[in-house]
Each structure stands twice: as structure tokens, then as C-alpha cells.
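Here the structure comes first, spelled out in C-alpha cells, and everything after it is commentary.
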Amino acid sequence: MATAAITSTNLTYEYAPGVGAVGLDLEVPSGQVYGFLGPNGAGKSTAIRMLTSLIRPQSGSVSVLGLDPWRDAPRLHERVGVLLSDQPAPRHHTGYSLIELLAKLRKRPEVVHQAGRLAERLELDLAKRGHELSLGNRQKLGLVTALSHEPELVILDEPTNGLDPLLQREIGLVLREIADQGRTVLLSSHSLNDVEAVADHVGFIRNAVLVEQLPLATLADRAVRRVRFRFAQAGINAESFASIANVEQVTVASDGEVSVQYSGAVGELLSRAGELGAVTIEAHPVELEETFLALYRGDDHRPGTGGSR
Amino acid sequence: MIPLFLDLGKSRRTLLFGICFALLFTSIGYLAIYPSFEDQLQGIAEDMPDAYKAFIGDADLTSPEGYVRSQVYSLVAPLLIAGLTITAGASLARAERDQTLVVLATSPLSRSQLAGAWWLYVGALGLVGGLMTVIGVFIGGPLAGAEISFGAVILATLPMLMFGVLVGTVTLFASAQTGAPGTASAIGWVAVLVSFLANSLAELIESLSWLSNVNPWSWHGAGEAVTGDFDLSGFLLLVLATAVVGVLAIARFARRDLHL
């Protein structure tokens with residue numbers, strides 16, 4: 001496994017019992033896109049605030065690019081780019097003036113040129129003032145300020161909020177390029193679709209606790225998938241499929257179509273469909289959302305690869 | 001830190017320009033109208049109870065120089081300079097409340113540098129307020145018939161602008177402590193009001209006279225240098241108190257969780 005850009009042990013910040021982030025054992029591999037997933041209010045933003053020096057962990061330890069985010073904040077911020085959830089743009093700044101200010105604070109004048117190129121790619125007008133920008137354009141400006149100094153680590157909290165699908169795809173491409181250059185991305189989202197296309201590794205957080213973290217490829221093995229069979233004759237019994245060990249759900253439609261949700265190997269399922277006279281099969285893409293829900297369903301504690309608590 | 005300090009001047013500039021112009025033109029206006037009611041004012045001042053005189057600052061309203069002290073240095077200038085510095089001090093909390101602090105808090109500036117830039121901003125606005133006062137008195141003084149040297153205007157203004165910087169720094173500390181702009185502004189204004197009242201009470205009630213030794217309003221002397229001597233010890237106390245509160249504000253901001 002590659003070295004870790006972020007490691008934490010028992011990292012905790014609680015606003016109230018069970019609210020915040022509790023006992024996180026994060027391990028974000030270098031040079032990869034790490035999808036940090038969880039429902040709204042699960043604790044993603046609290047964790048990110050600890051990683052970016054905004055709040056001090058109440059207990060536990062954390063290392064970001066080998067540095068302590070609280071003690072070494074200025075040195076760390078030279079190497080990290082951050083976009084928080086729904087980050088506003090300063091009212092009195094245009095995009096240009098904000099980028100110029102940040103370039104001066106970073107003592108890196110070349111950042112202005114890089115920001116201009118990225119803004120062009122994201123179709124952002126840098127001449128507008130903060131209060132003139134729509135939600136989507138504020139997000140774009142936040143991305144430009146987070147990425148233009150080419151940081152070793154990019155931490156993005158819900159970066160595609162307010163962006164249309166084409167731009168979401170473009171952001172995904174930008175993030176993949178960053179990872180391909182050997183840099184690391186921590187991408188927080190409540191939308192699994194956002195993460196699925198770009199992540200190499202994912203971590204799930206729920207009710208302030210990191211439930212599981214694993215490579216996306218491993219997740220794919222556990223993923224809940226759905227196939228739909230059409231049979232020559234109606235009257236297929238749901239029980240015919242439900243008895244297979246890795247089948248989770250069977251739905252029989254009135255027109256004879258059978259929808260089966262399963263995880264793991266597909267061999268036995270296909271054999272059974274063949275025996276029953278399946279005519280067509282339609283496979284749906286991996287439903288990360290359902291996998292996510294399956295991981296969460298009914299248990300607050302599920303041991304897994306590298307998971308905590 | 002300097003680029004940030006320079007940038008802070010661009011925020012809320014309409015409000016700040018407004019306060020500066022109000023300070024300049026109110027000072028000149030107050031002084032310009034003095035000759036038109038100087039005679040009546042003398043009669044009013046003679047009949048005025050001593051306690052009330054003490055309450056409004058104990059300046060001699062019958063002389064143009066005393067009028068400058070009572071209207072500009074005891075009223076208009078301290079309030080409007082405090083308006084500038086309190087606005088500056090509370091803007092740190094405002095930036096936290098509206099989340100625009102994120103880009104700065106995740107830049108390579110340390111928290112101490114961030115708060116330090118804001119402190120410089122408070123000081124700069126105090127200086128601008130002082131400059132407006134100097135210009136206002138320099139132009140308005142002759143209109144009121146006051147004979148005040150330029151040096152005396154400077155010496156009268158210095159402690160007053162330092163008083164403004166002190167209450168702005170108190171506001172900055174409240175910003176650093178709470179992250180709540182309304183609370184921070186309120187604390188700044190309460191500091192001004194309590195300080196003013198304590199000064200008046202110390203003049204009126206003998207058993208409370210000790211208050212004048214510990215009260216920043218008393219330290220700034222309400223333009224004493226216009227008609228008397230420059231109180232160096234009061235000025236130094238203001239500088240010292242500002243330095244202590246400023247260091248505390250920076251230390252607090254460096255250690256507090258930011259709710260961004």
C-alpha cells in the first residue's frame with residue numbers, strides 16, 4: 001500500500017455526545033482520491049475541520065502530510081488546498097482580487113496565472129464580485145482558490161454542490177488528474193455517485209463514527225448489484241431466487257420480469273436463471289448507494305478493513 | 001500579514017468613509033456655529049449646576065477652547081473614532097460568522113498573524129479618525145475663535161485616538177473570544193459607555209474618585225492639551241492597556257476553535 005497522506009488514531013471532536021466525529025482511525029493513501037462518504041450530519045465536516053486546523057481535536061492524534069494540523073498549521077497550509085462545504089466568497093472581492101491576495105499571502109505570484117487557466121476551464125468569470133456569484137460559481141471560485149497553488153493534498157467538502165452534471169464531470173476529471181500527478185485528494189460527499197467515478201479508496205462515516213474504509217475495488221466485490229431477467233413464460237416464483245445465499249432481494253413484476261438484488265459472485269444466480277428459461281438479462285451499474293445503505297443497515301458497528309469502532 | 005492588513009481596508013469602506021466624513025464635518029460644523037450662540041452659552045454655563053457640568057466633562061463652555069474640548073474631544077470625536085475602531089474590531093468576528101474567514105484561516109498565515117493584521121487594522125482606523133479630528137479642529141477651531149496651536153491639536157488628539165484604539169482592541173478581543181460580531185460590538189460600546197459614566201461619577205462622588213485612576217476615559221483627558229498640559233502618563237497607560245488587551249486577543253484567537 002502507498003504511504004498515507006493522512007493518518008489519524010482515535011481522532012475525536014464532539015459538540016455533544018455522539019455529535020461530531022468520534023474515534024476516527026483514518027488512513028488516506030497518498031496519490032489517490034479518497035471518497036469520504038456519509039449522510040448529512042454524520043461528522044464529515046467536523047473531521048475535515050480537524051484536518052485543516054480550524055478546530056483542535058479533543059482527543060486522539062492526526063498527521064497530515066507528516067505534520068500536526070494544529071501545531072504546524074501555516075506550514076501545512078502551504079501544501080494543502082481546502083474547500084469547505086458551502087464556502088462563501090468574500091463580498092468585497094472579485095475572483096481576481098481574491099486570488100491575487102492569496103498569491104501574495106502564499107508568496108507565489110505564479111498562482112494567479114494557474115488560477116486563470118483553471119477558471120477558464122471551469123467557465124468562471126473572475127471579474128465578478130463575491131456577492132454577484134451564484135451558488136455554483138461560488139463553488140467554482142472555491143475550487144480555483146483551493147487548487148490553483150497545486151497543493152500536495154486537496155481537501156474538498158461537498159465540492160460539487162450547486163454544479164450542473166457537466167461541471168461535476170469536469171471536476172471529477174480535474175481530481176483524477178491531480179491523483180495521476182501523485183497528489184492526494186480527500187473528497188467528502190453525501191452523494192455516492194459523485195465519489196464513485198473518481199475515488200480509489202472510500203471511507204464511510206455514520207453517526208460520528210467511521211464505519212469502514214476500503215479500496216473501491218474491494219467495495220465493488222461487496223457491492224450490491226441488480227439484474228433484471230425476462231422469462232419466456234410468466235409465473236416465476238420469487239423463492240426460486242431468494243433461496244440463493246447471496247441474493248438480497250427479489251421482485252417479481254406482473255409482466256413476468258424478475259428483478260434480483262445480490263452481492264458477490266453471480267454464477268449460481270445465472271445458472272438458476274438459465275434453468276428457469278431466462279430470455280434476456282439486463283445488468284445495472286454498481287449501486288454504491290445501495291451498498292452504502294447495506295453497510296449501514298441496522299448496525300452502528302460493522303468491522304471491516306481498517307474500519308474504526 | 002501586510003497584504004491582508006491592506007486588504008482589510010477595502011471591506012466595509014463605504015461605512016468607514018461615512019464615519020470619517022461625519023467626524024470631519026460634524027467637528028467643523030459644531031465649531032463653526034459657536035460664535036452665533038457664544039453669548040447665550042455663557043449665560044447658560046453660569047446657571048448650569050456644577051454637578052451637571054461635571055457630568056458632561058467639566059469643560060469651560062464660555063471659552064472657544066473649552067467649547068472645542070466639550071464638543072469635539074468629549075463627544076463627537078471619541079464616539080466616532082470608537083465607531084471606526086469598534087467596526088474594525090468586530091469585523092474579525094463578522095468574517096468568521098459569514099464564513100469568509102475560511103480562505104484566510106486555511107492560508108499559510110498563522111492565527112496570530114491573522115489576528116495581528118486585524119489589530120493593525122484597528123490601529124489604522126484609529127489613526128484615520130485622529131487625522132480627521134486634527135483636520136476638523138484645525139479648520140473649525142479658528143471658525144469658533146479658538147486659538148489652538150497645531151502642536152496642541154496633535155497632543156490633544158493623540159490620547160483620544162489611543163482611547164479609540166483601546167476600545168477597538170477590546171472589541172477585537174471579544175471577537176477573538178466569541179466569534180460573534182454583535183456581541184463583540186456590544187462589548188466595545190459598553191466599554192465606551194461605562195468608561196464615560198465612570199469618569200462623570202468620579203468627578204461627582206468623592207468616594208468614587210479613585211475611578212479616574214483606572215478609567216481609560218479619564219486617561220485620555222478629553223483634549224486636555226488644548227487648554228492645559230499634555231498628560232503623558234494617561235497616554236502611556238492607554239498604550240499599555242491597548243498592548244495588553246491586543247496580545248490577549250491574539251493569544252485567544254490563536255487557541256480557539258473556529259466555527260467555519
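In what follows, every heavy atom counts, from backbone to side chain, and hydrogens, waters and symmetry copies are set aside. Below, read A as the first sequence line, B as the second, and so on, with proteins coming before strands; counting in each chain starts at 1.
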[X] portion near chain A, given a 4.5 angstrom heavy-atom threshold:
X	value
Arg256(B)	backbone
Val102(B)	side chain
Ala117(B)	neither
Leu6(B)	neither

List the atom of [X], the atom of [Y], and the distance in Å for their closest heavy-atom pair.
X	Y	answer
Pro3(B)	Leu105(A)	CB-CD2, 4.2 Å
His77(A)	Ala105(B)	CE1-O, 3.0 Å
Arg255(B)	Trp70(A)	O-CZ2, 3.7 Å

Exercise. Between Ser107(B), Ala95(B), Ser110(B), which shows the greatest number of heavy-atom pairs under 4.5 Å with chain A?
Worked result: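 The residue among Ser107(B), Ala95(B), Ser110(B) with the greatest pair count is Ser107(B).
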For this session: Indicate yes or no: at least one non-hydrogen side-chain atom of His92(A) is less than 4.5 angstrom from one of Asp7(B).
Result: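 Result yes, sub-4.5 Å side-chain heavy-atom pair found.
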Which portion of [X] sits near chain B, non-hydrogen atoms under 4.5 angstrom:
X	result
Glu78(A)	both
Leu98(A)	side chain
Ala89(A)	backbone
His93(A)	side chain
Arg49(A)	side chain

For this session: Could you check Leu101(A) against Val103(B) for side chain to side chain contact (heavy atoms under 4.5 Å, CB included), going step by step and ending with a plain yes or no?
Result: CA-CA 10 Å; Leu101(A) 171 65; Val103(B) 285; over 6 Å; no
Exercise. Counting distance only, does the side-chain N/O of Arg111(B) pair as donor-acceptor with the main-chain N or O of Leu54(A) below 3.5 Å?
Worked result: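 Checked: pair present.
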